[in-house]
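The structure appears right after this line, and notes come after that.
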Amino acid sequence: MSKTPSVKPVEQEPRIGVYVCHCGLNIAQSVDCAKVATEVADADGVVVAKDIVYACSEPGQQQIKQDIVDNGLDRVVIASCSPRLHESTFKKMIDSVGLNPYMLDMANLREQCSWVHMNDRENATAKAETLVNMAISRVRHLEPLTEETLPLTPRTLVIGGGVAGIQAALDLADSGYDVTLVEKNPSIGGVMAQIDKTFPTMDCSI
Amino acid sequence: MTDVGRHPRIKLLCLSEVVDVKGYVGNFKVKIIKKARYVDETSCTACGDCAKVCPVVRPDEFNMGLGSRKAIYSPFPQAVPSSYLINAKECLGHNPAVCSKCVEVCAKGCINFHMSDEEIIEEVGTIIVATGLQPYDPTEMDEYGYTRFDNVLTSLEFERLVNASGPTKGTLIRPSDRAHPKSVGFIQCVGSRSATRGGHYCSNICCMNTVKSTFIIKEHYPDVEVKVFYIDIRAFGKGFEDLYARSRRMGAQYIRGLPGSVEEMDNGSLRVAVENGATGTLEFHELDMLVLAQGMKPAPSTQRLQEIMGLQLTPDGFFLEAHPKLQPVDAATRGIFYAGCAEGPKDIKESVTQASAAAMRAIRLMHKGEITTEPITSTIIAEKCKACGRCAEVCPYNAITVDVKAKKPAVVNSAACAGCGTCSAECHFDAISMNHFTDTQILGQVDTMLAVAPETKILAFACNWCSYAGADYAGVSRLQYPANVHLIRVMCSGRVDEKFIWEGFRQGAPVILVSGCHIGDCHYIDANHWTQKRVDRIRKKMEKIGLRPERLQLEWISAAEGIRFAETMQRMEILRRSVSAEEIAETQSVLSKL
């Protein structure tokens with residue numbers, strides 16, 4: 001049990017942009033996005049805080065990129081859907097205007113807030129605000145990271161020699177990639193080979 | 001199929017199984033066991049002389065036991081590879097050879113009883129899982145009498161019976177007396193759409209397969225009466241409705257209702273009792289033969305492969321894709337893709353489509369010739385490291401080396417580090433920083449979350465691959481739970497450091513949840529074992545200093561368990577309400593003195 005660990009001071013005062021996405025009505029119907037944006041605008045380091053109809057759309061991304069350039073933002077919080085869905089979209093977006101793609105955090109306001117607290121607008125909005133503040137806190141401490149490139153073996157293992165495995169193996173092999181096809185039975189073919197006519201065109205399976 | 005056997009770029013390993021997969025996207029190392037065939041694949045010409053003299057007769061699996069084969073056999077005429085093989089368990093004895101008649105007649109000398117299983121190591125950049133399906137075994141649905149009555153068949157058995165290359169050369173006869181049936185019935189949804197037996201899901205292909213079978217019967221034997229007992233006919237694909245309409249035009253009768261019982265009559269025919277849903281009356285139908293439209297189950301190897309590769313399954317037991325709409329062929333693990341029924345029941349066209357998509361996704365990764373890896377790895381802070389060796393001990397990837405004797409600081413091999421963060425959580429000296437999930441970053445989130453009204457909030461740590469995805473799945477399913485739950489995402493539950501928990505309680509958290517992948521499903525081999533140990537350890541300490549240990553909960557939630565996630569959150573809320581303001585104040589006071 002250590003004592004409260006000392007939080008390292010951020011060396012240069014960060015310049016953060018916060019975008020609270022409506023996702024059409026997906027988020028906006030349960031969360032007051034404009035209110036969330038206003039409430040977090042005064043948080044430490046926040047330079048821009050806005051609500052935005054579709055952050056992932058082309059105009060949405062364009063607006064964020066413009067803000068980054070105009071305001072010299074060095075890190076961004078996108079409060080929208082799950083990072084499992086669009087984290088790579090927004091990483092590419094900030095990368096394209098010269099920010100390190102790891103200077104981004106997402107607050108999950110859709111899958112983990114608006115969609116699961118649909119009839120509780122007040123509490124969903126309060127939670128959204130907390131989630132965005134947590135993301136702001138995290139993004140303040142983020143550090144630029146560089147991706148590494150590693151060699152790759154241009155060969156594919158296909159497990160299973162039924163119709164799917166056969167098709168995948170042939171497509172890969174015809175495209176110039178080596179394939180190892182593993183089948184536990186003595187022959188490939190799978191269930192497909194046992195079938196004569198196939199629906200709906202009644203042609204032969206093999 | 002023959003294209004696969006001939007393709008210069010395809011190495012075909014039959015009678016083989018994957019037993020281990022190590023490594024990461026771009027550089028997987030796969031261990032495969034290739035079982036002995038006892039016949040030299042390259043020189044066998046499939047002349048069949050060996051099988052003629054083999055005295056052992058066994059049911060032929062390819063024909064669903066409706067025909068026979070020898071102990072040395074070719075699985076079916078178009079088999080690839082076409083070579084024969086010996087089933088060593090059925091052979092009279094081969095070491096030393098007891099019968100060896102096959103060896104004597106094989107002109108090319110292909111048979112070798114000294115062959116043994118081979119271990120093969122393959123290095124690959126991507127993996128496509130296409131393990132297929134297992135037809136549902138209707139034995140447990142005893143009311144249909146599958147095991148009791150000869151003339152009750154499964155759809156796959158029926159398929160072999162009307163197949164031109166089958167045991168009867170396509171002539172429709174019934175098993176009990178080899179007579180041509182005058183009437184054939186089909187029962188739909190056997191093992192599908194049932195809450196109690198088989199799967200609760202629709203197996204996707206059985207309706208159309210039955211429609212096809214009625215078509216085949218009516219085409220060859222227009223006088224045979226055909227009756228289909230069904231709940232709904234799902235003819236949703238291109239050209240499906242057309243075939244269904246044609247089947248009805250040819251005279252197949254479709255009766256809405258699943259039979260309640262089947263009885264065998266003296267002549268071997270079957271008496272089927274069914275409540276006709278259209279007329280609301282109880283009807284009895286006498287049929288010479290009955291076909292059970294069996295559903296699909298995941299292949300038996302699914303679970304084992306899931307464990308070997310750290311993949312996720314749906315509650316149905318099929319492989320779970322990374323995203324149901326946008327990444328339908330990707331596994332959550334980069335570099336692994338799904339094709340065909342491994343991912344869920346589907347017909348041939350969909351399997352082929354998905355297989356091409358999976359191949360494309362694999363090519364997309366490989367065509368650059370190199371792979372970029374996320375820099376989410378651990379970094380040793382050399383001046384703090386005491387070379388105790390704890391990090392190396394807990395690393396699931398053996399990515400850390402420490403010279404304990406020389407007291408040299410630990411070294412991380414960043415290519416081998418997968419980024420679970422267990423080392424950082426276990427280090428007693430804060431000498432390991434986990435990139436992108438540093439102590440400062442996570443503690444900042446904890447502090448911010450609990451800055452206002454902490455007593456009303458639930459703090460939950462969730463691993464990226466299972467429980468965070470499970471929370472997303474709850475969202476996609478619109479499952480409602482209390483709005484005071486706040487998740488902090490970590491790559492692995494193994495990252496959740498003791499100090500995060502203590503800090504949470506110190507800041508006034510009433511309850512804390514740590515959630516991760518189920519034991520055995522961890523995305524980082526077995527890092528969640530350390531989570532379990534750590535949580536046990538913290539709870540013991542809590543008890544010692546007078547804190548209720550149940551205020552810290554550990555829950556395993558998979559990516560498919562949205563319901564479990566929502567239910568866990570409901571339980572956490574009940575637990576939170578049991579924690580009073582006095583208890584929180586007491587905790588904070590105890591922790592501030594330590």
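Chain letters run A, B, ... following the sequence lines, proteins first and then strands; every chain starts at 1. Hydrogens, waters and symmetry mates play no part in the numbers below; they use all other heavy atoms, side chains included.
- For Arg75(A) (side chain) and Val139(A) (main-chain N/O), a donor-acceptor pair under 3.5 Å exists by modelled atom type.
- Among all heavy-atom pairs drawn from Cys341(B) and Met296(B), the shortest one is SG-SD, 3.7 Å.
- The CG atom of Leu13(B) sits 15.0 Å away from atom NZ of Lys184(A), with the distance rounded to the nearest 0.5 Å.
- Interface check for chain A: of the options Met569(B), Lys349(B), Glu370(B), the most heavy-atom pairs under 4.5 Å are formed by Glu370(B).
- Counting non-hydrogen atoms of neighbouring residues, nucleotides and ligands closer than 6.0 angstrom, the CD atom of Gln29(A) exceeds 12 such neighbours.
- Neither the backbone nor the side chain of Ile120(B) comes within contact range of chain A; no heavy atoms are under 4.5 Å apart.
- Comparing Ile363(B), Leu305(B), Thr131(B) by heavy-atom pairs within less than 4.5 Å of chain A, the highest count is held by Ile363(B).
- For His428(B), no part lies under 4.5 angstrom from a heavy atom of chain A.
- Leu243(B) touches chain A through its side chain: at least one heavy atom from C-beta onward sits under 4.5 Å away, while N, CA, C and O do not.
- Looking at Pro482(B), only its backbone comes within 4.5 Å of chain A, counting heavy atoms on both sides.
- The number of heavy atoms from other shown groups lying within 6.0 Å of NZ (Lys35(A)) does not exceed 12.
- Under the 3.5 Å distance criterion, the side-chain polar atoms of Gln167(A) are left unmatched by any main-chain donor or acceptor of Val163(A).
- Although no hydrogens or angles enter the test, the distance criterion places no donor-acceptor pair under 3.5 Å between the side chain of Arg37(B) and the main chain of Cys14(B).
- For a residue to count as touching a neighbouring chain, one of its non-hydrogen atoms must lie under 4.5 Å from one of that chain's; by this rule Val352(B) touches chain A with backbone and side chain alike.
- If you check the side chains of Glu122(B) and Thr180(A), you find a donor sitting under 3.5 Å from an acceptor.
- Highest contact tally toward chain A, considering only Val452(B), Leu15(B), Leu487(B), is held by Leu15(B) [criterion: heavy-atom pairs under 4.5 Å].
- Heavy-atom contacts from other residues, nucleotides or ligands closer than 6.0 Å to CZ of Phe199(A) number more than 12.
- Ranked by heavy-atom pairs under 4.5 Å with chain A, the list Gly340(B), Gly239(B), Gly132(B) is led by Gly239(B).
- Taken to the nearest 0.5 Å, the CG atom of Asn26(A) stands 5.5 Å off from the CZ atom of Arg110(A).
- When heavy atoms are compared at a cutoff of 4.5 Å, Lys238(B) approaches chain A solely by way of its backbone atoms N, CA, C and O.
- Of the two parts of Glu61(B), only the backbone, made up of N, CA, C and O, holds a non-hydrogen atom closer than 4.5 Å to a non-hydrogen atom of chain A.
- The greatest number of non-hydrogen atom pairs below 4.5 Å with chain A, out of Val485(B), Asn484(B), Asp242(B), is found for Val485(B).
- Among Leu142(A), Leu131(A), Leu152(A), the residue making the largest number of heavy-atom pairs under 4.5 Å with chain B is Leu152(A).
- Between Met103(A) and Asp74(A) the shortest side-chain heavy-atom distance does not fall below 4.5 Å.
- Using a 4.5 Å cut-off between heavy atoms, Leu85(A) contacts chain B through its side chain alone, with no backbone atom that close.
- Contact count versus chain B (heavy atoms, under 4.5 Å) is highest, among Pro101(A), Gly165(A), Pro186(A), Ala169(A), for Pro186(A).
- Although no hydrogens or angles enter the test, the distance criterion places no donor-acceptor pair under 3.5 Å between the side chain of Asn185(A) and the main chain of Gly190(A).
- For Pro151(A), the part sitting under 4.5 Å from any heavy atom of chain B is the backbone (N, CA, C, O) and nothing else.
- Comparing Asn108(A), Leu157(A), Asn133(A) by heavy-atom pairs within less than 4.5 Å of chain B, the highest count is held by Leu157(A).
- Rounded to the nearest 0.5 Å, atoms OH (Tyr24(B)) and CD1 (Ile371(B)) are 10.0 Å apart.
- At a threshold of 4.5 Å between non-hydrogen side-chain atoms, the residues Glu129(A) and Val40(A) count as touching.
- Using a 4.5 Å cut-off between heavy atoms, Ile32(B) contacts chain A through its side chain alone, with no backbone atom that close.
- Heavy-atom pairs under 4.5 Å with chain B were tallied for Glu111(A), Met118(A), Glu183(A); the largest tally goes to Glu183(A).
- Among the candidates Thr353(B), Asp347(B), Asn163(B), Ile348(B), the residue making the largest number of heavy-atom pairs closer than 4.5 Å to chain A is Asn163(B).
- Across all their heavy atoms, Met449(B) and His486(B) have their closest contact at SD-CB, 3.6 Å.
- Proximity to chain A is limited to the backbone of Leu479(B), based on heavy atoms less than 4.5 angstrom apart.
- Both the backbone and the side chain of Ala469(B) come within contact range of chain A, with heavy atoms under 4.5 Å apart.
- Comparing Ile166(A), Asp105(A), Leu150(A), Thr130(A) by how many heavy-atom pairs each has under 4.5 Å with chain B, the most go to Leu150(A).
- Both the backbone and the side chain of Val158(A) have a heavy atom closer than 4.5 Å to some heavy atom of chain B.
- Using a 4.5 Å cut-off between heavy atoms, Met309(B) touches chain A through its side chain atoms alone.
- Both the backbone and the side chain of Ala471(B) come within less than 4.5 Å of a heavy atom of chain A.
- Atoms NE2 and NZ, from His86(A) and Lys91(A) in turn, are 14.5 Å apart once rounded to the nearest 0.5 Å.
- In this structure, the portions of Asn464(B) lying under 4.5 Å from any heavy atom of chain A include both its backbone and its side chain.
- Of the atoms belonging to Met202(A), it is side-chain heavy atoms, and not backbone ones, that fall under 4.5 Å from chain B.
- Ranking Asp120(A), Leu145(A), Thr198(A), Asp174(A) against chain B, the residue ahead of the rest is Leu145(A), based on heavy-atom pairs under 4.5 Å.
- We find the OG-CG distance between Ser30(A) and Asn119(A) to be 7.5 Å, quoted to the nearest 0.5 Å.
- Residue contact with chain A, scored on non-hydrogen atoms closer than 4.5 Å, involves the side chain of His7(B) exclusively.
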